[in-house]
Amino acid sequence: LLGMVVGLDPLSIDTVLPATQVMVEGLETDFSSIQLSLSLFVLGMAVGQLFHGPASDRFGRRPVMLAALGFYVVATVVLALAPGIDTLIVARLVQGFAAAASQTVSRAIIRDRLDREAASQVLSYVLLVLAIAPVVAPILGAYLTESVGWRSVFWVMIIYGVLVILLHGRWLE
């Protein structure tokens, strides 16, 4: 479960990269604006980590994770339907902020629930996802962009996000 949630970050960044030129044309904007949306996603992740850690300490891991995943899905729906670059830029910032919980809260869950040896084993699985996802995600993004269009990249993120919410809602204590 934690490997799946940690996969949100590379999925959110690397599947979009092959679609950037098509997004420039589709949104009638310039390449630097699309790059800005990526930079703001990363900024949102940085700020989000500062928020989600203390919030999960105060309100609990599960509620913060599920709320952040919900915001992630909503922001990604806005991205899939974005009428222009301004909407895309703001939604990417929100998406990054929400996605930050996947890194912060998942590591806190590992630290809370497992002894040192088990934690290192689970963390190695989580890091394996972080190693494989950036290789697979651009291939998926290129395939989706070429076959269905750039907005399909965000629809796949939505489906993945909803799946992660359902699984975490069911099994995360």
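The first residue in the sequence is number 1, and the count goes up from there.
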Min side-chain heavy-atom separation Gln103-Leu8 under 4.5 Å | no
Looking only at non-hydrogen atoms, find the nearest pair between Leu1 and His168 and report the distance.
-> O-CE1, 3.1 Å
In terms of hydrophobic clustering (I, L, V, M, F, W, Y; side-chain heavy atoms under 4.5 Å; direct or indirect links), are Trp155 and Leu166 co-clustered?
-> yes
Those residues that, when tested against Asp112, pass salt bridge (Lys or Arg N to Asp or Glu O under 4.0 Å) (two or more places apart) = Arg61
Residues clustering with Ile159 (ILVMFWY side chains joined when closer than 4.5 Å, directly or via others) | none
Quick one: do Leu167 and Val5 end up in the same hydrophobic cluster if we chain Ile, Leu, Val, Met, Phe, Trp and Tyr together by side-chain heavy atoms under 4.5 Å apart?
-> yes
Set of residues satisfying ring-ring contact (aromatic ring centres under 6.0 Å, His included) with respect to Phe154, sequence neighbours excluded | none
Where the side chain of Thr20 meets the backbone of Leu17, is there a donor-acceptor pair that is under 3.5 Å apart?
-> yes
Grab the two heavy atoms, one from Leu2 and one from Ser106, that are nearest each other, plus how far apart they are.
-> CD2-CB, 3.8 Å
Atom CD of Glu25: over 12 foreign heavy atoms under 6.0 Å = yes
Show me the donor-acceptor pairs within less than 3.5 Å that the side chains of residues 40-50 make with the rest of the protein, sequence neighbours left out.
none

In chain order, what residues pass the side chain to side chain contact (heavy atoms under 4.5 Å, CB included) check against Phe59, with sequence neighbours excluded?
-> Ala55, Val64
Check whether Ile110 and Val6 end up in the same hydrophobic cluster, where Ile, Leu, Val, Met, Phe, Trp and Tyr are linked by side-chain heavy atoms less than 4.5 Å apart.
-> yes
Mind listing the side-chain donor-acceptor pairs of residues 126-147 below 3.5 Å, one per line with the distance, residues two or more places apart or on another chain?
{"from": "Thr145", "atom 1": "OG1", "to": "Gly141", "atom 2": "O", "distance (Å)": "2.7"}
{"from": "Ser147", "atom 1": "OG", "to": "Tyr143", "atom 2": "O", "distance (Å)": "2.7"}

Side-chain donor-acceptor pairs under 3.5 Å in residues 67-87, sequence neighbours left out?
{"from": "Tyr72", "atom 1": "OH", "to": "Ser12", "atom 2": "OG", "distance (Å)": "2.6"}
{"from": "Thr76", "atom 1": "OG1", "to": "Tyr72", "atom 2": "O", "distance (Å)": "2.6"}
{"from": "Thr76", "atom 1": "OG1", "to": "Gln95", "atom 2": "NE2", "distance (Å)": "3.0"}

Test item: Leu163 and Met4 side chains (from C-beta on) under 4.5 Å apart, heavy atoms = yes
Partners of Gln35 by side chain to side chain contact (heavy atoms under 4.5 Å, CB included), sequence neighbours excluded?
-> Phe31, Ser32
Separation of Ser33 OG from Met23 CE (nearest 0.5 Å) = 10.5 Å
Taking the side chain as every heavy atom from C-beta outward, state whether Arg92 and Val16 have any pair of such atoms under 4.5 Å apart.
-> yes
Heavy atoms of Trp150 and Ala19 approach each other most closely as CB-CB, 3.9 Å
So ring-ring contact (aromatic ring centres under 6.0 Å, His included) across residues 6-29, not counting sequence neighbours, yields none
Under the ring-ring contact (aromatic ring centres under 6.0 Å, His included) rule, what pairs show up with a residue in residues 98-121, not counting sequence neighbours?
-> none
Find out if a path of hydrophobic residues (ILVMFWY) with successive side-chain heavy-atom gaps under 4.5 Å connects Val24 to Ile89.
-> yes
Kindly give the cluster partners of Val90, where membership spreads through any ILVMFWY side chain lying under 4.5 Å from a current member.
-> none
Are any non-hydrogen side-chain atoms of Leu27 and Leu88 less than 4.5 angstrom apart?
-> yes
May I ask whether Leu38 and Met157 are part of the same hydrophobic cluster, defined by side-chain heavy atoms of I, L, V, M, F, W, Y residues being less than 4.5 angstrom apart, directly or through others?
-> no
Determine, stepwise, if the pair Ser56 / Thr104 fulfils side chain to side chain contact (heavy atoms under 4.5 Å, CB included).
-> CA-CA 9 Å; Ser56 71; Thr104 308; 5.5 Å; no
Going by the ring-ring contact (aromatic ring centres under 6.0 Å, His included) test, which pairs reach into residues 78-117, not counting sequence neighbours?
-> Phe51-Phe97, His52-Phe97
Walk me through it: do Ser120 and Leu123 pass the test side chain to side chain contact (heavy atoms under 4.5 Å, CB included)?
-> CA-CA 5 Å; Ser120 66; Leu123 192 56; 5.6 Å; no
